[in-house]
Amino acid sequence: MGLLSDPVRRRALARLVLRLNAPLCVLSYLAGIAWFLALAFPPLTQRTYMSENAMGSTMVEEQFAGGDRARAFARDFAAHRRKSGALPVAWLERTMRSVGLEVYTQSFSRKLPFPDETHERYMVSGTNVYGILRAPRAASTESLVLTVPCGSDSTNSQAVGLLLALAAHFRGQIYWAKDIIFLVTEYDLLGTEAWLEAYHDVNVTGMQSSPLQGRAGAIQAAVALELSSDMVTSLDVAVEGLNGQLPNLDLLNLFQTFCQKGGLLCTLQGKLQPQDWTSLDGPLQGLQMLLLMVLRQASGRPHGSHGLFLRYRVEALTLRGINSFRQYKYDLVAVGKALEGMFRKLNHLLERLHQSFFLYLLPALSRFVSIGLYMPAAGFLLLVLGLKALELWMQLHEAGVGLEEPRGSPGPSAQGVGLASLVAPLLISQAMGLALYVLPVLGQHVAAQHFPVAEAEAVVLTLLAIYAAGLALPHNTHRVVSTQAPDRGWMALKLVALIYLALQLGCIALTNFSLGFLLAATMVPTAALAKPHGSRTLYAALLVLTSPAATLFGSLFLWRELQEAPLSLAEGWQLFLAALAQGVLEHHTYGALLFPLLSLGLYPCWLLFWNVLFWK
Amino acid sequence: MAAAMPLALFVLQLLGPGGWCLAEPQRDSLREELVITPLPSGDVAATFQFRTRWDSELQREGVSHYRLFPKALGQLISKYSLRELHLSFTQGFWRTRYWGPPFLQAPSGAELWVWFQDTVTNVDKSWKELSNVLSGIFCASLNFIDSTNTVTPTASFKPLGLANDTDHYFLRYAVLPREVVCTENLTPWKKLLPCSSKAGLSVLLKADRLFHTSYHSQAVHIRPVCRNARCTSISWELRQTLSVVFDAFITGQGKKDWSLFRMFSRTLTEPCPLASESRVYVDITNYNQDNETLEVNPPPTTTYQDVILGTRKTYAIYDLLDTATINNSRNLNIQLKWKRPAENGYIHYQPAQDRLQPHLLEMLIQLPANSVTKVSIQFERALLKWTEYTPDPNHGFYVSPSVLSALVPSMVAAKPVDWEESPLFNSLFPVSDGSNYFVRLYTEPLLVNLPTPDFSMPYNVICLTCTVVAVCYGSFYNLLTRTFHIEEPRTGGLAKRLANLIRRIRGVPLL
């Protein structure tokens with residue numbers, strides 16, 4: 001700190017920052033991107049290992065052999081479901097009771113803020129059925145959950161069948177130390193949300209549901225199962241939950257252990273994991289999976305009903321049975337054995353899962369990158385903003401005081417004028433963000449009345465209209481803003497915007513690295529470049545291309561590209577509109593934070609840069 | 001003997017009035033009663049009725065001696081040959097939807113309707129004079145009654161008392177809707193009462209409370225009634241009624257609990273000595289709304305059940321003439337309390353002291369049948385001292401199970417048995433009688449997760465935190481609060497200053 005308090009050396013340092021600012025920024029940005037790309041390579045990725053002693057060293061012998069029973073249950077379930085057209089509650093209750101569970105039901109209803117066109121639902125009312133296997137000689141203080149979300153179509157019948165067969169098998173064992181809850185939810189995630197809220201006696205999303213009659217203490221872990229065929233070729237595991245939350249890595253390790261033990265083919269992001277990490281081939285595949293995970297985590301959606309459990313600090317993951325055109329297939333017994341093994345090991349837990357990592361990235365099922373290794377990538381990107389802000393601060397400082405007299409502070413009057421001119425753009429852009437957050441859902445009926453569109457379309461189109469209307473703002477604000485020193489005005493505004501952006505991205509990167517990194521990688525370069533001189537049209541085009549909405553649009557293309565199912569532009573646009581609607585809907589139904597974050601935080605911040613660009 | 005005569009006369013005079021009373025049966029009597037009705041809306045209606053009955057025929061005899069019957073009204077009856085008189089003053093409107101049907105109906109404002117005797121020749125003149133006289137008696141604007149607001153209804157108003165013929169020619173009816181009822185109308189009304197407002201129920205008639213209500217209606221009804229069962233001769237009946245509705249939100253501060261004192265700011269201390277009957281009725285019919293029950297204090301001595309206005313009602317009766325009612329505490333303050341079964345009982349909470357004693361919450365609750373009762377306690381999660389964590393802190397911390405002890409009414413009445421003789425399984429908990437049995441239930445223990453620090457690297461964390469705080473915070477604070485000035489290095493010390501001082505005195509440029 002002596003470096004900063006010594007005015008001579010301070011001046012030298014300042015000169016260095018000013019003169020080398022542009023190369024330093026470019027270097028820092030490239031370093032950030034390079035660091036991120038290097039995450040998939042072996043020195044930065046590590047092999048996963050089981051940290052939890054209670055699950056690591058114990059032996060489990062799986063005895064599940066109820067494959068036929070599971071298929072019979074699945075057939076009955078599917079038949080009853082087809083007959084009733086909804087979840088056959090009575091049949092489920094009867095069957096669960098017949099295998100010896102304590103059965104309870106919970107009814108719930110929810111009116112969505114606007115019709116969900118992807119799932120075709122608006123006013124939803126359904127019933128969850130759950131059976132509790134009471135552990136002998138235990139006081140119902142801890143429990144495990146096996147859940148099957150049932151949607152409106154007739155998928156997941158096999159999962160219900162396997163759940164019932166497993167329940168029947170588990171009921172005959174005496175070694176359970178924790179209660180096991182077998183939960184079948186209607187309307188997949190909505191039902192799960194209703195059940196979880198009622199279980200924890202909270203109401204965070206405005207769901208109306210009947211209170212739960214049966215409880216089983218604190219839930220230690222949950223596994224969601226999605227199976228739609230009698231035979232599977234592989235099991236895919238999904239870990240990304242609501243708002244990018246991840247389960248403890250040990251749960252994933254547990255799943256992987258039983259995949260290996262049972263010889264099951266297990267995939268992550270729908271991709272087989274690369275075998276050869278010594279050559280360049282493996283890490284490149286790993287990078288692809290890493291990018292897929294980053295995109296999925298950044299979306300903040302619950303990728304499976306396990307995602308909603310994570311909010312309540314219940315470690316959970318979703319297993320999906322995939323039936324593709326591979327030669328070798330597994331029957332339900334193999335899947336059941338893997339689940340039995342997992343539950344028996346979870347049953348051994350003395351404490352809830354806490355030993356392993358909560359913040360990680362996965363380039364493969366058996367490899368991970370810990371938070372200490374991936375954070376520098378975001379750090380380098382944010383450094384660009386810091387450097388740019390420092391440069392602006394020094395320029396402002398010198399402009400106010402004059403180069404000859406580096407001592408003394410700038411006059412309060414000059415500073416006052418500079419700050420007063422910032423109030424209008426800041427307020428207007430924040431108000432724009434607020435409008436973007438509130439108006440689409442609030443004004444859907446008005447829009448649907450006056451234009452020939454459905455409510456869901458109205459929401460999306462209003463969203464886009466307000467978003468685009470924000471671009472017209474600089475022409476409005478410069479009349480409001482009057483300042484004596486025009487150069488100082490935009491510099492002060494850009495300084496505030498840079499600090500605002502850096503703060504937001506820093507906070508996001510800490511909680512959801514993927515989102516923070518993705519936004520930083522796109523927004524930082526243009527944010528650093530924005531100024532009201534030079535080729536404005538080029539800058540404007542760049543700024544529009546890196547706005548949050550454009551990032552979302554680009555991410556969709558990247559996502560499909562990585563999944564080897566490229567999109568055409570028209571498809572991409574349709575997907576983009578659907579994603580917007582889903583984003584708003586998930587905010588209202590599950591409390592996903594991406595929509596408010598973008599509309600209330602990043603969009604106003606981005607508007608500030610737009611303001612800087614068109615400053616007069 | 002001559003000496004004895006005046007003495008005897010004197011004695012006779014002395015005994016005169018008393019002896020006259022004893023000898024002749026009382027020809028007039030007073031009954032007073034107050035009905036308190038808790039209304040479905042939470043308000044309370046109080047209805048006073050004072051009934052004076054006089055066994056004399058006012059028109060025929062030139063009556064000059066009045067005892068209980070007010071002379072002002074008695075003279076009115078004989079002078080204007082009235083058969084019936086009904087006069088009411090009302091402020092407010094009876095909300096039937098929220099308050100239910102009223103005992104005494106009256107329109108808002110002043111209402112007067114009178115049946116004259118068929119001996120009256122000029123009915124309109126009598127009517128005009130009568131309304132003017134009444135106007136003076138009750139300090140009301142009844143003198144505004146004239147032909148423009150007087151009607152002779154033919155169907156709706158029948159004589160309420162004894163009547164031989166109903167020739168509508170002798171009926172006059174008028175309403176003054178603008179009439180405002182106030183203390184000046186109440187005071188003359190009260191003066192008509194035999195005990196005025198000195199004793200009995202009428203002590204409750206305090207103007208400032210009565211006019212602090214959402215409904216006020218006072219009335220005077222005079223009519224002839226049968227003197228005996230065979231109706232051989234007639235008696236005159238005067239009913240003075242007053243009904244008020246107390247507003248739960250204004251008077252009761254939003255509470256539904258009432259007492260005589262809270263309604264009238266008075267309690268009952270003694271019955272009216274002239275009254276032959278003085279009673280307070282409280283409607284204790286179980287409305288069964290929100291599972292609430294009404295509790296009356298002091299407990300009534302008797303109850304009265306009847307079908308009133310189409311519904312079966314139960315009334316608690318307090319007889320003021322019964323010495324036990326008042327004598328216990330020198331006054332009677334009837335209290336009405338709404339009891340919500342789940343809320344009554346007893347709550348004992350002993351807050352925790354950190355690391356010394358746990359929280360204790362005990363509640364005595366009466367549970368309604370077939371209901372779910374949820375008791376929830378809010379708590380905050382706190383960090384413990386780091387030595388206080390158990391070796392497995394991530395398992396969570398146990399909260400011991402709650403205890404539920406209950407006396408459950410038994411379905412079948414068990415016969416009392418000898419405690420020593422009964423089987424052992426049935427004799428752990430002493431049971432007072434066979435009508436209920438004791439049950440104690442426990443809930444499951446609760447596992448609560450407290451915030452847990454990462455114990456694998458406390459040393460690292462402490463070191464890092466301390467370093468960050470010490471280095472960064474200290475230096476930045478220093479930098480932000482200090483201003484830096486460049487000072488020219490000074491050469492020379494004391495000698496130079498001295499030299500400069502001398503030069504300044506000499507007026508020579510400084511060194």
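FYI, side chains are in, hydrogens and waters are out, and symmetry mates aren't considered; it's all heavy atoms of this structure. Residue numbers begin at 1 in each chain, while the letters A, B, ... track the order of the sequences.
- Residues satisfying the ring-ring contact (aromatic ring centres under 6.0 Å, His included) criterion with A/Y130, sequence neighbours excluded, are A/Y104, A/W195.
- The minimum heavy-atom distance linking B/L447 with A/A218 is given by the pair O-CB, 4.1 Å.
- Within a 6.0 Å radius of CZ in A/R47, other residues, nucleotides and ligands contribute 12 heavy atoms or fewer.
- Considering CZ of A/R313 and CG of B/N449, their distance stands at 6.5 Å, rounded to 0.5 Å.
- Heavy atoms closer than 4.5 Å to chain B are found in the side chain of A/Q220, but not in its backbone.
- Atom CG of A/L353 and atom CG of B/N394 lie 9.5 Å apart (nearest 0.5 Å).
- Of all residues in residues 395-406 of chain B, those placing a non-hydrogen atom less than 4.5 angstrom from a non-hydrogen atom of chain A are B/H395, B/Y398.
- In B/Y477, the OH atom is not crowded: 12 or fewer heavy atoms of neighbouring residues, nucleotides or ligands sit closer than 6.0 Å.
- To the nearest 0.5 angstrom, A/R215 atom CZ is 12.0 Å from B/T443 atom OG1.
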